[in-house]
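Okay, so here's the structure we're looking at.
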Amino acid sequence: GAVVSQHPSWVICKSGTSVKIECRSLDFQATTMFWYRQFPKQSLMLMATSNEGSKATYEQGVEKDKFLINHASLTLSTLTVTSAHPEDSSFYICSASPRVLYGYTFGSGTRLTVV
Amino acid sequence: RKEVEQDPGPFNVPEGATVAFNCTYSNSASQSFFWYRQDCRKEPKLLMSVYSSGNEDGRFTAQLNRASQYISLLIRDSKLSDSATYLCVAKGGGSNYKLTFGKGTLLTVNP
């Protein structure tokens with residue numbers, strides 16, 4: 001149980017284009033999902049908390065207009081990197097948990113390369 | 001001071017060795033703690049939760065000392081397949097569900 005699916009696994013895009021990443025909870029409902037970014041040899045950094053039916057909560061320093069989050073249903077959250085630039089190249093991972101006291105399950109991650 | 005700090009590593013040990021990872025956290029309001037493992041270019045996977053009473057899962061033992069805000073993970077009889085980065089994670093208390101990750105400690109188990 002507690003499976004989180006993330007797509008795409010990897011994407012290469014041109015500078016200036018937008019990329020959408022999907023995160024789905026397959027066997028449970030998730031009112032809250034989390035989006036992380038991980039640069040090489042660095043720890044996971046929380047970007048934002050996605051809340052079903054309401055606005056996402058962004059961490060300090062994360063541009064909400066650049067990283068658009070939509071959590072329209074209890075099983076799907078999307079992260080759109082708008083006008084991507086090479087410095088946005090990173091490993092983006094989502095996570096969710098079926099219950100507050102459980103550990104969190106992560107999606108398989110999306111490796112974004114902006115050229 | 002970082003919220004979650006781990007041994008910087010890397011650790012290189014022979015098969016069968018016992019290896020210990022140490023972690024400290026700065027937010028005394030943190031309620032739950034976990035150890036995750038992350039293989040190269042993969043997502044983190046939950047290894048085990050950490051309880052105040054200490055808990056064991058096969059070759060893995062986790063300990064939590066709330067007074068000193070210290071967490072540990074012990075791996076006995078290490079296997080080649082244990083090679084990975086081990087992440088110490090703290091979760092906020094109350095309605096704060098955020099996870100804070102340590103930078104991770106890379107373990108390589110050699111034949």
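Just so you know, these numbers use all the heavy atoms, side chains as well, and skip hydrogens, waters and symmetry mates. Here is the naming used below: chain letters follow the sequence lines, and residue numbers restart at 1 for every chain.
In this structure, the ring of Y104(A) has its center no less than 6.0 angstrom from the ring center of Y36(B).
Other residues, nucleotides and ligands contribute over 12 non-hydrogen atoms within 6.0 Å of the CZ atom of F39(A). Counted within 6.0 Å of NZ on K66(A), heavy atoms from surrounding residues, nucleotides or ligands total more than 12; the atom is thus considered enclosed.
Annotation: side chain of L87(B) is not in contact with side chain of S43(A) (no heavy-atom distance under 4.5 Å). Contact annotation: the side chain of F106(A) never approaches that of L46(B) to less than 4.5 Å [non-hydrogen atoms, C-beta and beyond].
L64(B) and L47(B) fall within the same hydrophobic cluster, defined by Ile, Leu, Val, Met, Phe, Trp and Tyr side-chain heavy atoms under 4.5 Å apart, directly or through other members. Hydrophobic clustering places M47(A) together with V81(A) (ILVMFWY residues linked when any side-chain heavy atoms are closer than 4.5 Å, directly or through intermediates). Under a hydrophobic-cluster definition in which Ile, Leu, Val, Met, Phe, Trp and Tyr are linked whenever side-chain heavy atoms come within less than 4.5 Å, directly or via other members, M33(A) and F28(A) are assigned to different clusters. Cluster annotation: V13(B) and F21(B) are assigned to the same hydrophobic cluster (Ile/Leu/Val/Met/Phe/Trp/Tyr, side-chain heavy-atom contacts under 4.5 Å, transitive). Grouping the Ile, Leu, Val, Met, Phe, Trp and Tyr side chains by contacts below 4.5 angstrom, directly or via other members, places I21(A) with V62(A).
Looking at Q6(A), there are no atoms closer than 4.5 Å to chain B (heavy atoms on both sides), in backbone or side chain. Heavy-atom distances place the side chain of Q38(B), and not its backbone, under 4.5 Å from chain A. Heavy atoms closer than 4.5 Å to chain B are found in both the backbone and the side chain of L44(A).
Chain B forms more heavy-atom pairs under 4.5 Å with one residue of S9(A), G109(A), G107(A) than with any other, namely G107(A). Comparing Q6(B), K42(B), E43(B) by heavy-atom pairs within less than 4.5 Å of chain A, the highest count is held by E43(B).
Using non-hydrogen atoms only and a strict 4.5 Å limit, the part of residues 100-111 of chain B facing chain A consists of F101(B), G102(B), K103(B).
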